[in-house]
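Contents: one structure, followed by commentary.
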Amino acid sequence: MITKESVFETLKNVVDPELGMDIVTLGMVREIAIVDENVRVVIALTSDKCPLGERIKGDAERLLKGLAGVRGVTIDLSVMTEDERNRLLQILKEKKQPSQLPEKLPKKSIKRLIAILSGKGGVGKSSVTAMLAVGLAEKGFKVGILDADITGPSIPKIFGVIEAPFVLEGKIIPPQSKKGIKIMSMNLLIPEEDAPVIWRGPLVSSAIKQFYMDVDWGELDYLLIDLPPGTSDAQLTVLQMIPVDGIIVVTSPQELAGMIVGKAVQMSKMLAVPILGVVENMSYVKCPNCNYDINLFGTSNGLTLAQKINTKFLGSLPIDPLLSKACDEGKIEGYDIKYFKPVVELLIK
Ligand code: ADP
């Protein structure tokens with residue numbers, strides 16, 4: 001059943017492109033009414049000349065129509081009262097105060113820290129992280145992966161690493177893959193690979209902090225951080241703590257395009273960390289007979305998305321059964337990353 005809460009949650013994905021924040025946080029959602037599965041929302045704009053009003057309305061309409069149990073959607077645009085506008089100004093002012101962010105942990109002996117982000121699970125974020133690590137290692141870089149997806153860790157499985165880390169002189173020594181990639185993950189600490197980790201926010205962030213601070217990463221050229229899927233507080237906490245140099249966004253064509261990108265931009269602005277590029281995964285299928293690219297989900301929109309947010313389009317990757325087989329069998333290092341090599345090249349350029 002559709003509730004006001006689910007409508008609010010959905011509207012959190014509508015970003016005011018000019019202000020770079022979602023319309024719920026900005027206090028622009030003035031009213032929600034639900035009658036017989038019909039949703040009516042009143043959105044208050046900052047001014048009646050707001051050029052982005054129609055776009056905000058369109059985004060809200062499209063997302064709400066996608067909610068299960070919704071029959072009809074009406075979005076009425078209105079203009080903020082003076083009180084509403086003052087509250088919005090206050091919110092924007094608070095957002096600009098960097099002192100509210102927790103202090104960043106030190107950089108350690110790591111040249112570049114890159115976080116890999118996706119809007120939802122299953123788009124191939126971990127596979128992309130793993131291929132990136134392999135690509136960089138093959139180029140001679142020293143690489144580590146911090147699997148920050150504490151409740152759904154999959155990096156060790158992809159690499160076939162089962163060795164538990166050990167403690168030496170108070171430091172955690174991470175196991176290494178065949179190509180020498182250092183890996184730290186919750187999966188290496190739990191007795192059974194499939195045991196669920198049911199932890200809440202603060203525990204998760206302290207585990208990640210430990211994975212970063214207490215692990216002896218040694219000297220690294222790249223530490224890749226496989227973030228948990230999504231763009232809420234969990235990801236923000238990691239990005240606030242760890243001194244990342246940049247974010248890579250992984251999307252798939254099925255993902256509601258603007259959503260993850262809008263949120264990633266918002267995060268990047270809040271944290272003053274650049275988005276290094278967008279990778280579109282599972283973009284097409286190569287016909288095994290004639291090598292023709294079949295766009296299962298229509299034409300790729302990765303390039304448009306990247307351009308929209310002024311970042312590099314690092315490339316689109318096909319759905320490749322050999323990749324999922326390699327990941328399932330823990331043999332990513334034996335997989336030919338030919339489709340992925342251009343991504344590595346573009347990133348290190
Ligand atoms: P996420 O980290 O976003 O949850 P994963 O990297 O774990 O996603 O990928 C989800 C599943 O999809 C895995 O089984 C993985 O092997 C498979 N997969 C990811 N990318 C591809 C691809 N390009 N082609 C085929 N299978 C893929």
Side-chain angles (χ1 to χ4, degrees), residues 114-135 145-161 177 181 183-188 193-194 196-197 204 208 211 224-232 234-235 238-239 247-257 259-261 263-264 267 277-288 291-298 300-302 305 313-344:
I114 298 178
I116 294 92
L117 182 79
S118 72
K120 58 171 191 171
V123 300
K125 175 181 50 62
S126 302
S127 313
V128 165
T129 307
M131 285 191 283
L132 184 55
V134 173
I145 304 180
L146 190 165
D147 188 355
D149 196 349
I150 297 289
T151 53
S154 50
I155 291 293
K157 187 169 189 290
I158 295 176
F159 282 88
V161 168
S177 72
I181 298 163
I183 293 175
M184 187 60 202
S185 168
M186 201 46 152
N187 225 349
L188 301 168
E193 198 185 73
D194 297 334
V197 179
V204 169
I208 295 169
F211 282 5
L224 308 180
I225 300 166
D226 187 10
L227 289 175
T231 45
S232 57
Q235 298 72 20
V238 177
L239 294 170
I247 302 169
I248 292 178
V249 179
V250 181
T251 64
S252 71
Q254 308 98 303
E255 237 185 336
L256 279 178
M259 232 151 94
I260 165 66
V261 174
K263 290 248 182 183
M267 280 187 153
V278 174
V279 177
E280 190 177 73
N281 191 26
M282 306 195 207
S283 198
Y284 59 97
V285 179
K286 264 211 181 295
C287 169
N291 222 22
Y292 179 76
D293 292 347
I294 307 163
N295 291 313
L296 283 178
F297 312 101
S300 151
N301 57 14
L305 286 183
F313 179 50
L314 296 171
S316 358
L317 307 171
I319 296 181
D320 182 4
L322 291 178
L323 171 61
S324 51
K325 186 167 183 282
C327 290
D328 283 350
E329 292 177 352
K331 292 181 180 160
I332 190 69
E333 287 167 308
Y335 171 73
D336 179 359
I337 58 163
K338 58 184 176 199
Y339 300 116
F340 197 77
K341 278 192 176 146
V343 174
V344 181

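Indexing begins at 1, ligand by ligand and atom by atom, following the structure's order.
Taking every non-hydrogen atom of Asn281 and a distance limit under 4.0 Å, the qualifying atoms of ligand 1 come out as 19 (C), 20 (N), 21 (C), 22 (C), 23 (N). The distance from ligand 1 to the heavy atoms of Leu323 drops below 4.0 Å at these ligand atoms: 20 (N), 21 (C), 22 (C), 23 (N). Every atom of ligand 1 with a heavy atom of Gly121 under 4.0 Å away is listed here by number and element: 4 (O). If you number the atoms of ligand 1 from 1 as listed, the ones under 4.0 Å from a heavy atom of Lys125 come out as 1 (P), 2 (O), 3 (O), 6 (O), 8 (O). Of all the atoms in ligand 1, the ones that sit under 4.0 Å from a non-hydrogen atom of Ser324 are 16 (O), 26 (N).
Of the options Gly119, Gly124, Ser127, the smallest heavy-atom separation from atom 15 (C) of ligand 1 is shown by Ser127. Between Asp149, Asp147, Asp320, Leu117, it is Asp320 that holds the heavy atom closest to atom 25 (C) of ligand 1. Comparing Met282, Lys157, Glu280 by heavy-atom distance to atom 12 (O) of ligand 1, the nearest is Met282.
For atom 4 (O) of ligand 1, the nearest protein heavy atom (residue, atom name, distance) is Gly122 N, 2.7 Å. Protein heavy atom at the shortest distance from atom 7 (O) of ligand 1 is Ser126 CB, 4.1 Å. Looking from atom 14 (O) of ligand 1 to the surrounding protein, the closest heavy atom is Asp328 OD1, 4.3 Å.
There is a protein heavy atom less than 4.0 angstrom from atom 19 (C) of ligand 1.
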Under the side-chain contact (heavy atoms from CB on, under 4.5 Å) rule, what do Glu280 and Leu305 come out as? Steps first, then yes or no, please.
CA-CA 10 Å; Glu280 190 177 73; Leu305 286 183; 5.6 Å; no
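Listed by chain and number, the residues in a side chain to side chain contact (heavy atoms under 4.5 Å, CB included) with Ala133 are Val143, Ile145, Phe159, Ile181, Leu224 (sequence neighbours excluded). For Asp293, the side chain to side chain donor-acceptor pair (under 3.5 Å) criterion is met by Lys286, not counting sequence neighbours.
For Ser127 against Cys327, the heavy-atom pair with the smallest separation is OG-SG, 4.0 Å.
Residue-level proximity to ligand 1 for Pro318 is carried by the backbone, the only part with a heavy atom below 4.0 angstrom. Only the side chain of Cys327 comes within 4.0 Å of ligand 1, counting heavy atoms alone; its backbone N, CA, C and O stay farther away.
Taking distance alone, with nitrogen or oxygen atoms compared against 3.5 Å, Ser154 stays at or beyond that limit from ligand 1.
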